[in-house]
Amino acid sequence: METKEIETKWQEKWEKDEVFKVEKNDKPKYYVLEMFPYPSSAGLHVGHAFNYTIGDVYARYKKLKGFNVLHPMGYDSFGLPAENAAIKANVNPKDYTTNSIANFIRQQKRLGITYDWSRVLSTSDEKFFKWDQWIFIQMFKKGLAYKKKSAVNWCPKCNTVLANEQVHNGKCWRHEDTDVEIKHLEQWYFKTTQYAEELSDFSKLEGWPSFITKLQNNWIGKSTGTLVKFNINNEDWEVFTTRPDTLMGVTFLVISAQHSRLLELTTKENLENVKKFVKKQNSVSSEDIDKLEKEGIFTGSYAIHPLTNEKVPVYAGNFVLADYGSGVVMGVPTHDKRDFEFAKKYNIPMKVVITPKNKILKVEDLEDAFIEDGILINSNEFDGLENRKAIKIITNKLKELGKGKDTVNYRLRDWLISRQRYWGTPIPVITCPKCGDVCLEEKDLPLRLPTDVEFGKGNPLETSKSFVNTICPKCGAPAKRVTDTMDTFVNSSWYNLRYADPQNDKEIFNKELANYWNPIDLYIGGKEHACMHLIYFRFYTKFLRDLGLVNFDEPALKLFNQGMVHGNDGNKMSKSLGNTVDVTEIIDKFGADVLRLYVVSVAGPESNFNWDDKGLDSTARFVNKVKSYFESVEIGKSNERTDSRIHTTLKQVDELIEQMKYNIAIIKLRELFESFETKESKENLEIFLKMFSLFCPHIAEEMWNNLGNKTYISKESWPILDESKINPDFDFADKYIENTRLDILQVQKLVKIEKINKIELFVAQKWKYDLYDKIKELLLIHKNPNEIIPKIMQSDLKVHGQEVMKILPKIIKTGSLPEYISFEKEFELIEEIKENIEKEFDCKVEIIKSDDSKEQKAKQSMPGKPAIIIS
RNA sequence: GCAAGAGUGGCGGAGUGGUCAAACGCGGCGGACUCAAGAUCCGUUUCCUUAGUGGAUACGCAGGUUCGAGCCCUGCCUCUUGCACCA
């Protein structure tokens, strides 16, 4: 049967018999989850296939191992692309999304993945996002959802907010000649910082790669420091610093150009210039900010130094983040690189306050900021202090004066969830002129998206009168709805829980079911989610735990980050670069099994790789070989050697799959398969098939069926390892036979004898085995091979000095002896293979013990390596 | 710029302190089969040397630790990913 027919046949059967449908039962549960995709209109590319195959292999493995495996799939279907399509191609985001999802499902089904399709969900479905809104209400009630002004990218032509993605080189994506501006809007936030402390504790995440926790830790960026109050225009402004020891060196302050209160401290004379400066800033992306040349402008205001009462100028600067600390930093040019650069540029005075021991540093000597530790100078009462100690002392002084306090600051900001977009979850809040912001009642959910909207002119929701105009649920007066929708990361922050009970319309999910399946045992996705998604995900879990909805602290116990599949040009796959590889194309040409096997055999699942069609051919060849072998194999009795090999491989593959080293596991499988003979036992064939089925389930089902089985291999159980069948001697024997064979071929080639008459094989002298044994013993005691040289020379092995000198270099180089077995066993083995060699080379073979031979050659024999004479 | 990773034969990639001239695959070369091609099978694929041997040189660059380093440390170069309104 054709591969394609086989695949369709089994996919239909699996679906009909609901083979992958799961319910709570008595078996131990295991939850495998791949990060759900955004259903792009382009369909699945091979990177998706990679992601899902990694999960599926593991899910199948765990299923066979007897676990009750939950392996669901869903769609993160809200998002910007659907809306962009609406603007550009004038299509309805809903239809666009529905089509994309249908396409995704069709393609995913063709991959033969063990998804329980009865649990499928999509986030743009009101049955799902209703519960986003429900969570929002809970956050609102607890004070974790709040509103504040914040800077956004603004296109004056579109009259709308732009995503960072829609800003190209400071210009709007739709208007290449229009500079993006920064505007301040009231925005909704989730207070992620409330959980910052707990989020920076990774102790409950044992199965997470350390580089992820490192990244997250840096992202959360806990730092302890001091909050210093500087008085500007009779108002105290708090400035966060980790270096209060340099406080006496402050010669200016810098407020972020994106600070919402910047204009409040700009004097009239400077207003125009500052506004101009702010207008020049054309991105809120921190990546862009860091790349900019440091620039600033004087605001006209002065701050009063809390200790010296000196007046220092306040600048607005493009390099200060509005959301970190208080958005205002103190400038100590002598002891901070950025401040130094800035002060040089604007001729701001400098003052050295820390100097290295035994030297007095002067401003004139400075070529760059002095950022090392030292002793305080020019700091009045603090002179002579070591700067590390001064941190505390100066902070204490500030505390006394009521001018400062210790503080813990996080780089992590509260999560801005407001999006001025249509295709997202509407924020369930009504703004009433009397009552302020009023949340919807739970019974009024879901708050649906209106359809009478216009795209391309500002925020689409604002164009829907029926949506905007409503009445206040509290007082009944006319009021307006909030027209923001929520960030799509909101949806992906709890979807794992909904899979446990996806149809529930009474509550967000059944607690018992959610707690039964969760936390996720294995969560699989790309590294690109290391910070944002995975932090929001953890944040939500903690919040829902505090609401009493779940009884665990972390959403996923083990995290696996697969590598990224790049195009064959080495770039990230993207439509615009034209380097995407479509899954359907590959399946049509090679079949799903080949694709599955290929993506996990080409490299380790964790490493990036560039897509290359060439490798598919060899994978297809292998798969075909397996297929045709099973179609023609004779069922017979197993021999001990195959048994040993099969159980050795089973043991290795088991461990390798557990560690997700699929590529190596496949190599072991291939090696095993190559050693199969035309007659094999049914039992051994079945063990192979079960391992093979993880990667190529369709063909495995078919072959399983061909062997006379009426069950599904997908629902079978993992083969039982019989360690007693593993005999390492067979391993040696295999190598020994192969090496001897190759040696004969080598010699034949060198002597150029085309037709061999006779082969003489000399098995090494018995004493050489004893010698080897002795050396082996010594190596056990002395790890360092160099140490055994004198030992040997002192012992009775000295008589064999010549032989020892021959093998010593090899031992030193490799740290061990060449492999060998006992004299008797080797002799037996070589006798055993005599016939095979005679057959292959069509000649007479003579086995000779070197002791019995006068032939010079015999002396060259070594344990595990017979000397050869061919004639 | 900041942060986290990565750099191994012609190529994809194994390999985290000694059994490495480098698993496995691709490609190249030679051979068998074939009228021929394909498929399949066998051999070969750093250099020198050799009746299957022995030696030299290799793991981004430069140093260091160690009896011993692809693997550990330091610096540099290059690439990848992320940087909060892409998901």
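The sequence lines fix the lettering, A, B, ..., with proteins before strands; numbering per chain opens at 1.
Between the side chains of A:Trp611 and A:Asp613, at least one donor-acceptor pair of N or O atoms lies under 3.5 Å. One side chain, A:Asn51 or A:Gln562, offers a donor N or O that lies under 3.5 Å from an acceptor on the other. Of the N and O atoms on the side chains of A:Ser223 and A:Asn409, not one donor lies less than 3.5 Å from an acceptor on the other residue. Neither side chain, A:Gln258 nor A:Asn318, offers a donor N or O lying under 3.5 Å from an acceptor on the other.
For the P atom pair drawn from B:rC11 and B:rC59, the interatomic distance equals 15 Å after rounding to whole Å. Nucleotides B:rC83 and B:rG10 are separated by 37 Å at their P atoms, to the nearest Å. For B:rU50 and B:rA56, the C1' atoms lie 15 Å apart once the distance is rounded to whole Å. B:rC26 sits 39 Å from B:rU65 when the C1' atoms are compared, rounded to a whole Å. Atom P of B:rU49 sits at a distance of 36 Å from the matching atom of B:rU40, rounded to the whole Å. Atom C1' of B:rG68 sits at a distance of 14 Å from the matching atom of B:rC20, rounded to the whole Å. Atom C1' of B:rG43 sits at a distance of 15 Å from the matching atom of B:rC33, rounded to the whole Å. Between the C1' atoms of B:rG7 and B:rG12, the separation comes to 14 Å (whole Å).
Mapping A:Glu671 and A:Asn218 onto RNA chain B by nearest heavy atom places A:Asn218 closer to the 5' end of the strand. Heavy-atom distances to RNA chain B give each of A:Glu287 and A:Met862 a nearest nucleotide, and the one nearer the 5′ end belongs to A:Met862.
Considering only side-chain N and O atoms, A:Ser618 lies nowhere under 4.0 angstrom from the phosphate OP1 or OP2 of B:rG25. Using a 4.0 Å cut-off, some side-chain N or O of A:Arg621 falls inside it from OP1 or OP2 of B:rC26. Between A:Ser607 and B:rA14 there is a side-chain polar atom (N or O) within less than 4.0 angstrom of OP1 or OP2. For B:rG52, neither phosphate oxygen OP1 nor OP2 lies less than 4.0 angstrom from any side-chain nitrogen or oxygen of A:Lys857. Put simply, A:Lys572 has a side-chain N or O that comes within less than 4.0 Å of OP1 or OP2 on B:rG82. Note on A:Arg741: a side-chain N or O is less than 4.0 Å away from OP1 or OP2 of B:rG43. A sub-4.0 Å separation between OP1 or OP2 of B:rA84 and a side-chain N or O of A:Ser285 is present. Within the structure, a side-chain polar atom (N or O) of A:Arg419 is placed less than 4.0 Å from OP1 or OP2 of B:rC85. When the side-chain nitrogen and oxygen atoms of A:Lys625 are compared with OP1 and OP2 of B:rA39, none of them lie within a distance under 4.0 Å.
Among the heavy atoms of the strands lying under 4.0 Å from A:Leu80 are primed sugar atoms or P, OP1, OP2 only; no base atom is included. The residue A:Gly604 sits close only to the backbone: its heavy atoms come under 4.0 Å of sugar-phosphate atoms, none of a base. The residue A:Val284 sits apart from the nucleic acid: no heavy atom pair falls under 4.0 Å. Within 4.0 Å (heavy atoms only), A:Lys527 reaches no atom of the nucleic acid at all. When heavy atoms are screened at a 4.0 angstrom cut-off, A:Gln420 is found touching base atoms of the nucleic acid. Note on A:Met564: only backbone sugar-phosphate atoms sit closer than 4.0 angstrom, heavy atoms only; bases stay farther off. Among the atoms of the strands shown, none is found under 4.0 Å from any heavy atom of A:His533. Using a 4.0 Å heavy-atom cutoff across all strands shown, A:Ile212 reaches no nucleic acid atom at all. A:Asp76 comes within 4.0 angstrom of the backbone, heavy atoms only, and of no base. At a threshold of 4.0 angstrom between heavy atoms, the contacts of A:Trp415 with the nucleic acid are absent. A:Gly79 comes within contact range of the sugar-phosphate backbone alone, with a heavy-atom separation under 4.0 Å but no base atom that close. Residue contacts for A:Val161: at a heavy-atom cut-off of 4.0 Å it reaches a base atom on one of the strands shown. Among the heavy atoms of the strands lying under 4.0 Å from A:Phe489 is at least one base atom, whether or not backbone atoms are also near.
For B:rG31, the O4'-C1' to base torsion is more than 90° from 0; the nucleotide is therefore anti.
You'll find the side chain of A:Leu321 stays beyond 4.5 Å of the side chain of A:Ser256, heavy atoms only. Looking only at side-chain heavy atoms (C-beta outward), A:Val161 and A:Asn459 stay at 4.5 Å or farther from each other.
The CZ atom of A:Phe622 sits 18 Å away from the C1' atom of B:rG12 (whole-angstrom rounding). Here the C1' atom of nucleotide B:rC85 and the CG atom of A:Asn84 are 12 Å apart, to the nearest Å. Rounded to a whole Å, the CD atom of A:Gln860 is 15 Å from the P atom of B:rU50. Computed from coordinates, the A:Lys668 NZ to B:rG15 P distance equals 11 Å when rounded to whole Å. A straight line from CD of A:Glu674 to C1' of B:rU40 spans 12 Å, rounded to a whole angstrom. Rounding to whole angstrom units, CD1 of residue A:Ile869 and P of B:rU50 are separated by 20 Å. Counting to the nearest Å, the P atom of B:rG82 and the CZ atom of A:Phe211 are 12 Å from each other. Going from atom CG of A:Asn608 over to atom C1' of B:rA4 covers 13 Å, rounded to whole Å.
Within the shown strands, B:rG60 is the pairing partner of B:rC76 under the Watson-Crick or G-U definition, both distances less than 3.5 Å. With a 3.5 Å ceiling on both atom-pair distances, the Watson-Crick or G-U wobble partner of B:rC67 is B:rG18. Within the shown strands, B:rG25 is the pairing partner of B:rC11 under the Watson-Crick or G-U definition, both distances less than 3.5 Å. Pairing for B:rC47 goes to B:rG55, judged as Watson-Crick or G-U wobble with the two contacts each under 3.5 Å. For B:rU81, the paired base is B:rA3 (Watson-Crick or G-U wobble, both distances below 3.5 Å).
Which of B:rC26, B:rC85, B:rG43 sits closest to the side chain of A:Glu738 comes down to B:rG43.
With A:Tyr189 as the aromatic partner, A:Lys148 meets the cation-pi criteria of under 6.0 angstrom to the ring centre and within 45 degrees of the ring axis.
The base of B:rC85 sits with one of its N or O atoms less than 3.5 Å from a complementary donor or acceptor on the side chain of A:Gln187.
Applying ring pair (Phe, Tyr, Trp, His ring centres under 6.0 Å) to A:Phe36 and the options A:Tyr52, A:Tyr495, A:Phe537 leaves one that passes, A:Tyr495.
When ring centroids are compared, A:Phe50 and A:Phe609 come within the 6.0 Å threshold.
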